[in-house]
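Note sheet for the following structure.
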Amino acid sequence: MDETLLMIPGPTRVAPRVLKAMSENIVNHRSAIFGQILSETTQIMSDVFRTNNQSYLITGSGTAAMEAALVNILEKGDKVLNIVGGKFGQRFMQITEAHRGTSLPLEVEWGHAVNPDEVGFLLEEHDDIKAVTVVHNETSTGVVNPIQQLGKILRGYDALYVVDTVSSLGGDHVEVDDYGIDICVTGSQKCLAAPPGMAGITLSKDAWDVVNKTDSASYYLNLKKYRKSGDAEPPETPYTPSVSLMYAMHEALKVIVEEGLKNRVNRHKLAAEATRNGIKALNLELFPKEEVSSTTVTAVRMPEGVTDGEFRGTMRKKYRVELAGGQDHLKGNIFRIGHMGNITHRELITTFSAMEMTLRELGFEVEMGEGVAAIADTYLPEDL
Ligand SMILES: *Cc1c(COP(=O)(O)O)cnc(C)c1O
């Protein structure tokens, strides 16, 4: 078993009880026993999405649900407003184009959040926008976008509101019904802390009205088939799902219910705050502004005079702590600390002490223990 501590924005560490659930023997995926597991899992999935609508689980990574969201509502030439402020915002744009939609990209500087008013202006200007896509937590830049405010603006328009919560659901506030989200997608391997390979999706009535009128260009991701199978007795998936991963999702979602969604979000918020405090204590610089900084992943500028290979390489090889690098033009310029899923002060203290040793070895003036102290101070009650 690899003992490297994963501090990356997915996949995240999986609890032993979830791994154990996965080791149960395979059952017939078209049976009452599997139907029971599937219906419990999708029910909790809806609870975590905070929606009264049905949820569906797709065997595939988070991108499968992103693609399912668009391929079921788009026909050739349909206009989609894609908010693009990082790698995953870009992915929605590329999926739009792959399915012959017309993308209207709203480019946001990487490291910044979208200004909801700009979305409002574009919706006023173009009356034929069929959908708006946004990534709640832009994992590539460590930025959280204002999905609640966007939802308020979108209420005044017919465009469907499509939100990627792959790296936020279970780690930050997501209220699908309350925010007016029409299609919400997520993945198993981020804040939900299940192994990679399952994607979740939920659709509003308005979204289904569009899906019903759309000739889906996908066979595997045709959501009408997921709905039909899901409504069957016992409920099923249209094709053979990863039965083992369904056990894992079932157990991982039960863990979330036991912890309580609010407690879990608060735990993530505290981990993010501690991480930012630790970074500041080491005189490192956050990449996004603190106000828009993610609750689940912190992006930090690479300190001057050190390469990504030296820094993350030492962290990984010598201290067995895995951090994430930057993507595209941010490669080598930032590193990212994932604190999603099951992360607590234990993992953060280990990470920061390894970071202090690494930086010292690489020639930086680091006072040993300052980052760790900032983590501890964040977690300790103020009146001690
Ligand atoms: C991880 C991630 C995805 C999905 O990536 P997969 O590799 O397909 O699971 C999508 N959006 C965001 C914001 C992500 O962080």
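This is a predicted model, so every value here is computed, not measured.
Listed here is the closest heavy atom pair of L359 and L282: CD1-CD1, 4.4 Å. Summarising the geometry of M45 relative to L192, their closest heavy-atom pair is CE-CD1, 4.1 Å, with the distance given to 0.1 Å. Of all heavy-atom pairs spanning T275 and I337, the tightest one is CG2-CD1, 3.9 Å. Contact between P9 and R336 at its shortest, heavy atoms only, is CG-NH1, 3.8 Å. A68 and L221 make their closest contact through N-CD1, 3.9 Å (heavy atoms, listed as atom of the first residue, atom of the second, distance). Contact between L362 and F311 at its shortest, heavy atoms only, is CD1-CA, 3.9 Å.
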Candidate pair K205 and D209, rule salt bridge (charged side-chain N to carboxylate O under 4.0 Å, His left out), full reasoning: CA-CA 6 Å; K205 186 182 170 298; D209 286 346; 3.2 Å; yes
Stepwise side-chain contact (heavy atoms from CB on, under 4.5 Å) test for K318 and T358: CA-CA 9 Å; K318 191 154 181 189; T358 300; over 6 Å; no
Test log, rule side-chain contact (heavy atoms from CB on, under 4.5 Å), inputs Y179 and V163: CA-CA 10 Å; Y179 299 171; V163 184; over 6 Å; no
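Between K87 and D328, at least one side-chain nitrogen of the basic residue sits less than 4.0 Å from a carboxylate oxygen of the acidic one, meeting the salt-bridge criterion.
Residues L154 and I129 are members of one and the same hydrophobic cluster, defined by side-chain heavy-atom contacts under 4.5 angstrom among Ile, Leu, Val, Met, Phe, Trp and Tyr. Note: the hydrophobic cluster containing V210 also contains M66 (ILVMFWY, side chain heavy atoms under 4.5 Å, direct or indirect links). Under a hydrophobic clustering in which Ile, Leu, Val, Met, Phe, Trp and Tyr are joined whenever their side-chain heavy atoms come within less than 4.5 Å, directly or via other members, L6 and V255 fall into different clusters. When hydrophobic clusters are built by joining Ile, Leu, Val, Met, Phe, Trp and Tyr residues whose side-chain heavy atoms come closer than 4.5 Å, directly or via intermediates, I58 is not grouped with Y247. L70 and L203 fall within a single hydrophobic cluster, where Ile, Leu, Val, Met, Phe, Trp and Tyr side chains are chained together by heavy-atom contacts under 4.5 Å.
Taking the six-membered ring for Trp and thresholds of 30 and 60 degrees, W208 and Y56 have ring planes more than 60 degrees apart, a perpendicular arrangement. Ring planes of W110 and H329: tilted class, angle from 30 to 60°.
For R267 (side chain) and G341 (main-chain N/O), a donor-acceptor pair under 3.5 Å exists by modelled atom type. Put simply, the side chain of N72 gets close to the backbone of L223: a donor and an acceptor are under 3.5 Å apart. A side-chain donor-acceptor contact under 3.5 Å links E138 to the backbone of F88. Checked by atom type and distance alone, the side chain of S140 never pairs as donor or acceptor with a backbone atom of G86 at under 3.5 Å. Between the side chain of T214 and the backbone N or O of L74 there is no donor-acceptor pair closer than 3.5 Å. A donor-acceptor pair under 3.5 Å is formed between the side chain of S353 and the backbone N or O of T350. Judged by distance alone, the side chain of T202 and the main-chain N or O of C184 form no donor-acceptor pair under 3.5 Å. In this structure, E356 contributes its side chain and V366 its backbone to no donor-acceptor pair below 3.5 Å. Looking only at distances, no side-chain donor or acceptor of S188 sits under 3.5 Å from a matching main-chain atom of A199. Distance alone, capped at 3.5 Å, is enough to place a donor-acceptor pair between the E310 side chain and the T307 backbone.
Listed by first and then second residue, the salt bridge (charged side-chain N to carboxylate O under 4.0 Å, His left out) pairs involving residues 222-249 are R30-E236 (not counting sequence neighbours). The list of salt bridge (charged side-chain N to carboxylate O under 4.0 Å, His left out) pairs with a residue in residues 13-27, not counting sequence neighbours, reads R13-E347, R17-E251, R17-E258. Pairs passing the side-chain hydrogen bond (donor to acceptor under 3.5 Å, both in side chains) check and including a residue from residues 147-165, sequence neighbours excluded, read E124-Y157.
By the ring pair (Phe, Tyr, Trp, His ring centres under 6.0 Å) test, H29 pairs with no residue at all, sequence neighbours left out. Taking the ring pair (Phe, Tyr, Trp, His ring centres under 6.0 Å) definition, one finds that F121 meets it with nothing, sequence neighbours left out.
Residues H112 and V143 have side chains not in contact (no heavy-atom distance under 4.5 Å, counting atoms from C-beta outward). Between V144 and T295 there is no side-chain heavy-atom pair separated by less than 4.5 Å. Contact annotation: the side chain of V18 approaches that of P195 to within less than 4.5 Å [non-hydrogen atoms, C-beta and beyond].
The hydrophobic cluster containing V265, built from Ile/Leu/Val/Met/Phe/Trp/Tyr side-chain heavy atoms closer than 4.5 Å, comprises no other residue.
For N212, the CG atom counts as densely surrounded, since its 6.0 Å shell holds more than 12 non-hydrogen atoms of other residues, nucleotides or ligands.
A side-chain hydrogen bond (donor to acceptor under 3.5 Å, both in side chains) with H173 is found for one member of R50, K269, K262, H268 and no other, namely K269.
Distance NE2/H339 to OG1/T298: 2.5 Å, rounded to 0.5 Å.
Side chains of S294 and N137: a donor-acceptor N/O pair is present below 3.5 angstrom, by distance only.
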